[in-house]
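Below: one structure, written as structure tokens.
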There are 2 protein chains.
Amino acid sequence: MPVTIRDVARAAGVSITTVSRALNGYEDVGADTRRKVERVAAELKYRPSAIARSLVMNRTKTIGLLVSELTKEHSGHHFMFGVLYGIHDRLAELGYDLVLVSTTTARQRLVSYLTFCTERRLDGVIVMGIRMDDPYIQEVLDSGFPSVVIDVPLLSERCGYVMTDNVFGAKLAVRHLFAKGHRVIGFVNGHVQAAVSRERRCGYEEAMAECGLVGDPDWQFVSDFTERGGMEGCKTLLEKNPDMTAIFFASDLMAMGGLRHAQAVGLKVPSDLSVVGFDDIELSQYVTPSLSTIHQKRYEMGTVAADMLVGMLDQGKAPEGRLLSPQLFERQST
Amino acid sequence: MPVTIRDVARAAGVSITTVSRALNGYEDVGADTRRKVERVAAELKYRPSAIARSLVMNRTKTIGLLVSELTKEHSGHHFMFGVLYGIHDRLAELGYDLVLVSTTTARQRLVSYLTFCTERRLDGVIVMGIRMDDPYIQEVLDSGFPSVVIDVPLLSERCGYVMTDNVFGAKLAVRHLFAKGHRVIGFVNGHVQAAVSRERRCGYEEAMAECGLVGDPDWQFVSDFTERGGMEGCKTLLEKNPDMTAIFFASDLMAMGGLRHAQAVGLKVPSDLSVVGFDDIELSQYVTPSLSTIHQKRYEMGTVAADMLVGMLDQGKAPEGRLLSPQLFERQST
DNA sequence: GTGGGTATCCGAAACGTTTCGGAAAGCCGA
DNA sequence: TCGGCTTTCCGAAACGTTTCGGATACCCAC
């Protein structure tokens with residue numbers, strides 16, 4: 001039904017080879033032949049089949065976006081969409097398509113990510129929002145499939161990464177609170193399966209030491225990145241440390257929970273309790289009081305990841321680890 | 001490099017045909033032959049090429065998600081992501097892949113949506129977040145490309161739609177405000193290029209009439225779905241109608257702008273001014289005062305759209321128009 | 001005239017599947 | 001013994017491209 005290269009060749013009175021070479025801008029085709037072919041192709045509305053091309057060229061110009069949980073209530077989606085935009089935009093510029101691959105995609109078909117990717121002959125993958133203990137993801141990384149991971153420092157022959165400088169980000173938060181006069185500064189972290197959690201904790205502890213504050217284990221609480229978890233963390237820390245005047249949360253959503261708890265127990269923010277989040281999700285500027293937070297360049301993370309992956313694919317560049325520097329956004333909660 | 005069906009055939013000592021039929025569960029293959037083929041295929045880690053299959057089967061099992069503006073600051077993204085989830089999840093269940101197609105995708109390559117879709121040999125498209133005056137979108141719909149449109153009532157041979165019952169939704173909002181005692185109820189609408197705007201306006205006017213309230217043109221304001229536009233609308237309406245005590249905004253984001261303006265001019269919500277939004281985006285429960293709004297079943301819109309499109313593709317079902325009923329979520333702003 | 005170079009063009013193989021039509025073998029009843 | 005039916009298998013074409021290795025024709029210098 002659709003018009004093929006054969007139809008164009010016939011209509012233009014030339015061979016298939018010539019049509020292909022004319023349309024793809026090769027040199028060894030006469031000027032008027034080329035014009036004729038182009039004219040005929042346009043008249044016939046010829047659309048070369050990307051499928052057939054992929055088969056013979058052995059690449060699909062398609063990359064997959066692997067996310068552990070692309071679901072309604074996944075707590076990380078605020079962050080991920082910013083990255084998604086960046087990935088999509090840059091990939092489009094570079095001539096690549098983006099297909100979504102998630103656990104729902106793979107699990108429904110009872111196949112691993114890797115199986116999915118190789119069957120679809122994806123050229124590469126960008127991985128984000130995954131937990132380090134995801135059993136399937138390691139398979140992809142080990143397979144030598146060209147990949148870029150977001151927010152996990154994994155560097156190998158065919159796997160690069162891009163992430164925010166979380167250590168520095170956490171330091172920015174602590175220093176800010178210290179400068180505001182706080183001395184008993186709590187920390188509510190995300191779950192341990194996230195690489196960023198380790199780094200943010202590291203930054204918190206280093207900054208505390210730099211400020212000459214002794215680190216008490218009771219000032220820290222390990223949560224799960226959710227709002228409910230943030231509430232719980234806030235509650236626990238304040239009960240254990242009545243003198244605590246500031247808390248740094250490893251995500252904005254947890255900080256929201258903190259704000260909510262503070263409100264529930266009648267604490268004024270920032271006068272009674274100061275709060276700093278991490279991520280700068282859109283919510284944080286709408287909530288009252290608006291949330292001071294560590295801004296991550298989400299869109300840029302996406303473009304950098306896309307650039308790196310396509311660089312590996314098209315130019316054989318080596319994968320690298322890229323750190324993007326975060327920024328403190330001071331608002332009403334401090 | 002990758003193992004092909006030919007390798008499996010050789011290793012199992014059977015023909016290519018038999019491997020294909022054995023692995024695809026056809027009947028005319030002996031029990032032990034089948035077992036042997038399956039075993040060899042597993043040992044060799046054979047992964048059939050979806051590309052080659054697509055070429056011969058003439059379908060890709062891939063559908064495109066067309067959005068006008070998948071960009072950072074697009075005002076509709078809060079709404080669209082809920083739908084995206086639903087589409088993706090259901091499509092995965094049904095064995096289809098999802099690729100993102102946006103103006104950035106198409107424009108960068110200087111081709112129309114339709115060109116993109118036919119080149120990629122997509123099986124169908126789901127269209128959302130587009131303006132009715134988008135010059136390219138009509139081309140897709142006219143082409144007879146199997147499609148489902150979200151939020152635009154376009155029904156044809158190969159094109160169905162799914163949307164919220166916006167007329168009913170708007171009525172819910174107005175009736176709610178009326179029941180609360182308001183008699184001068186303003187309406188800030190979205191831009192005219194959106195089909196939903198017309199319907200919401202219609203619902204507003206009908207409900208006002210039902211409540212026995214005379215409709216004054218000065219009670220309405222046409223805006224653009226953005227927060228800034230909502231502020232402006234709120235300001236204008238209040239200046240023109242000092243006795244106005246309630247405003248219904250055609251989107252939550254505009255309602256946010258309304259809240260902001262009210263706060264700026266010292267109006268208490270809801271005592272001085274009551275506000276109702278539309279969409280029930282996540283923000284609306286976090287802002288203070290939290291926003292009363294008309295909830296749309298976003299996730300369900302996605303699953304319904306996916307079901308309809310795949311029904312057309314796999315079972316030859318006729319496209320239809322589906323209306324999902326909205327719901328009033330009463331919160332603090334009324 | 002001849003040799004070699006250049007500018008154009010083309011035939012055919014290859015990519016990895018699915019599937020149509022038929023073939024071989026075994027069995028059974030007449 | 002033979003025809004026909006069933007079961008199991010296979011050869012080859014087809015899907016729509018790209019590309020390798022030539023082939024043709026022309027021109028120019030010798």
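This one's a predicted model, so the numbers in the text were calculated from it and none came from an experiment. So that the names make sense, note that chain A is the first sequence line, chain B the second, and so on, each numbered from 1.
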Inset, instruction - Looking at every strand, decide which applies to B/Ser54 at a 4.0 Å heavy-atom threshold: base, sugar-phosphate, or nothing. - result: nothing

Legend entry - Aromatic plane relationship, A/Tyr113 with A/Tyr136 - under 30° parallel, 30 to 60° tilted, over 60° perpendicular: perpendicular

Legend entry - Side-chain N or O of B/Thr33 closer than 4.0 Å to phosphate OP1/OP2 of D/dC9: yes

Inset, instruction - Please name all residues satisfying salt bridge (Lys or Arg N to Asp or Glu O under 4.0 Å) with A/Arg90, sequence neighbours left out, ordered by chain then number. - result: A/Glu93, A/Asp307

Inset, instruction - Could you encode protein contacts along nucleotides 15-21 of chain C as a string, one character per nucleotide from 5' to 3', using B for base contact, S for sugar-phosphate-only contact and - for no contact, with a heavy-atom cut-off of under 4.0 Å? - result: BBBBBB-

Legend entry - Electrostatic pair B/Asp7:B/Arg10 at N-O distance under 4.0 angstrom: yes

Legend entry - Separation between CD of A/Glu119 and CZ of B/Arg53, rounded to the nearest 0.5 Å: 7.0 Å

Inset, instruction - Measure from NZ on A/Lys36 to C1' on C/dT8 and round the result to the nearest Å. - result: 16 Å

Inset, instruction - Examine distances only and state if a side-chain atom of A/Ser20 and a backbone atom of A/Ile16 form a donor-acceptor pair shorter than 3.5 Å. - result: no

Inset, instruction - May I ask you to verify if any side-chain N or O of B/Thr18 is less than 4.0 angstrom from the OP1 or OP2 atom of D/dC10? - result: yes

Inset, instruction - Specify the closest pair of heavy atoms between A/Asp89 and A/Tyr299, including all atoms of both residues, with the distance to one decimal. - result: OD2-OH, 2.6 Å

